[in-house]
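Report on one structure; see the data block that follows.
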Amino acid sequence: MGLPQTSTLEPDLLSDVHKARAGDTAAFERLYIRHVGRVHGLCRRLTGEAQAAEDAVQETFMQAWRKREQFRDDGPFEAWLCAIAARTALMARRRWTRYLNVFSTQDPETVPRPAQRNGVPARLDLEQAMDALPERARQVFVLHDVEGYLHGEIAGLLGVTTGTSKSQLHRARKLLRESLSQ
Amino acid sequence: MNCDYVLERIDDYVDGALTARDQEAVAGHLDFCRACSEAVAQTEVLLSAARALPKDLEPPRDQWPAIAAQIERPARELRWMRPALATAAVVLLAWAGWTGLSGLPAPEARDVAGPPETLRTALAGAEDDCAVVRRALMELYEQERAQLPVEACAEVDAGLAEIRAAAALIGDALRDDPGNAGLAKLLMTARTQEIDVLERVLVAVGTV
């Protein structure tokens, strides 16, 4: 996705990556500070829910710590971290959806559009409209149109076919057009 | 070419993913269809807005303290728990040996030479140690579930459920026969098996 190579761009970042890999938690904290906004953005939009996003952010950095020796200098650190974040956020959402299914009679795949929900104003900004999308449609829209993933990559992440990814994107864009035009 | 046909292909058109022939055909339809043209324009505006969204979103609170605590805690707890657990198991096995039992006797094959109270106390201590280790490992396992295939988690969960069910049966038998060292040994075997399963899973995903 066009991110700069870690080894050719920011010596401080590379140094912290090496130190963190060797077990230096202070260096890992600096990496956390540098990247938490990016990770949170991805997790928040993929999960569509603040608490699930928070869980996913924490889990992402824990996994990055546990697997720090697997990171190789020949690739961008942020891309590696975001790959972990995407998988984690998608799993976090699945757990959250199971929780909602136990304690709610509402089907997450048929959450009403914002204009119909409990007095929320009809005209919403894009972030709110994305949150209100059915889960799978939102995930595909975020990955494809916000993050720039290809349908083949999305299909792999979600465990679906590229055809399903395309149809969910179509669904998401249609719902967003309708929602944002009100 | 009608509107339904065009609207089904609107995404591929906007993304430039149609064949040259289809791209031209859709463009021709848009020249005279206001509704479809509007849908294309709205989609282009939507995509432009989506791509312009800031990638960074500031989190509502600082999660570093929780992350730092997790980085430090599990290894520390497990390091000092393992020797304690091993000691507890050795104590019980020694007790079972001292009572003259061999192998894994059936619950009714009592041959206890020592007082039940001593066995009960030793078992309670060992169970407490096991519970602490088990809780720590379960916490790690729950955190790692995201990285495991669903089928693998199902197998691990089923295995753990079987071990716990067996431990529950042995525990029930022990309540009726508290001095039975063979049952105590069986129970400790079940507890350590549960911990072994969790440890093996976590080693496999690189957590421990």
Side-chain angles (χ1 to χ4, degrees), chain A residues 23 25 28-29 32-33 35-45 50 53-54 56-63 65-67 69-70 78 82 84 87-92 94-95 125-127 129-130 141-142 144-148 151 159 166-167 169-170 172-174 176-178 180-181, chain B residues 7-15 17 35-36 38-75 139-140 142-151 153 202-208:
Chain A
T25 54
F28 191 66
E29 183 180 3
Y32 164 86
I33 291 168
H35 295 290
V36 67
R38 179 74 178 93
V39 169
H40 178 252
L42 181 55
C43 291
R44 179 63 182 81
R45 290 180 180 130
E54 194 170 295
V57 168
Q58 191 168 327
E59 177 61 21
T60 295
F61 281 98
M62 284 310 304
Q63 285 192 39
W65 173 256
R66 288 183 207 123
K67 297 174 182 178
E69 291 176 13
Q70 296 176 20
E78 184 172 281
C82 285
I84 296 174
R87 287 193 302 271
T88 305
L90 292 171
M91 285 295 172
R94 268 183 230 172
R95 286 198 293 271
D125 66 13
L126 180 53
E127 297 273 20
M130 283 160 52
F141 181 81
V142 168
H144 188 275
D145 287 346
V146 179
E147 296 289 334
H151 281 297
K166 288 181 178 179
S167 68
L169 182 64
H170 180 78
R173 287 178 177 179
K174 180 170 179 289
L176 286 170
R177 283 198 306 268
E178 291 169 2
L180 295 170
S181 66
Chain B
L7 288 174
E8 276 178 21
R9 284 155 184 77
I10 194 173
D11 292 319
D12 285 338
Y13 175 78
V14 170
D15 293 340
C36 289
E38 245 177 65
V40 167
Q42 286 172 349
T43 303
E44 287 171 340
V45 168
L46 172 64
L47 294 188
S48 179
R51 287 165 192 151
L53 285 173
K55 294 292 191 289
D56 280 39
L57 286 180
E58 189 177 339
R61 65 183 183 94
D62 181 15
Q63 292 179 259
W64 177 253
I67 294 167
Q70 279 197 58
I71 287 173
E72 293 299 320
R73 182 168 40 98
E139 201 176 303
L140 291 174
E142 287 300 324
Q143 289 166 9
E144 288 298 338
R145 288 182 82 96
Q147 295 309 304
L148 292 169
V150 172
E151 309 81 49
C153 283
L202 293 170
V203 165
V205 296
T207 304
V208 296

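Labels below follow one simple rule: chain letters A, B, ... track the order of the sequence lines, proteins then strands, and each chain is numbered from 1.
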Return the minimal non-hydrogen interatomic distance between A:Gly37 and B:Pro59, and the atom names on each side. CA-CD, 4.5 Å
Between B:Arg51 and A:Asp145, what is the shortest heavy-atom contact and its length? CG-O, 3.6 Å
Chain A heavy atoms under 4.5 Å from B:Gln42: which part of the residue, side chain, backbone, both or neither? both
Mark yes or no for whether B:Lys55, through its side chain, and A:Val146, through its backbone, hold a donor-acceptor pair below 3.5 Å. yes
Which heavy-atom pair separates B:Leu53 from A:Met130 by the least distance, and what is that distance? CD1-SD, 3.8 Å
Region of A:Arg173 in contact with chain B, defined by heavy-atom distances below 4.5 Å: both
Does some side-chain heavy atom of B:Gln70 sit less than 4.5 Å from a side-chain heavy atom of A:Arg66? yes
Can you tell me which portion of A:Glu54 sits under 4.5 Å from chain B's heavy atoms? Options are side chain, backbone, both or neither. both
Using a cut-off of under 4.5 Å for heavy-atom pairs, which of A:Tyr32, A:Phe61, A:Phe28 has the most such pairs with chain B? A:Tyr32
Pick one of side chain, backbone, both or neither for B:Leu7, based on which atoms fall under 4.5 Å of a heavy atom in chain A. backbone
B:Asp15, part contacting chain A, at a heavy-atom distance under 4.5 Å: side chain
Side-chain (A:Glu29) to main-chain (B:Trp64) donor-acceptor, under 3.5 angstrom: no
Kindly give the heavy-atom pair with the smallest separation between B:Ile67 and A:Met62, and that separation in Å. O-SD, 3.7 Å
Got a second to check how far A:Gln58's CD is from B:Gln143's CD, nearest 0.5 Å? 7.5 Å
Residue from A:Arg45, A:Gln63, A:Arg44 scoring the most non-hydrogen pairs under 4.5 Å with chain B is A:Arg45
Name of the residue among A:Lys166, A:His170, A:Lys174, A:His144 meeting side chain to side chain contact (heavy atoms under 4.5 Å, CB included) with B:Asp11: A:His170
Chain A shares the most heavy-atom pairs under 4.5 Å, among B:Ala39, B:Pro54, B:Ala52, with B:Pro54
Looking only at heavy atoms, what is the nearest atom pair of B:Leu57 and A:His40, with distance? O-ND1, 2.9 Å
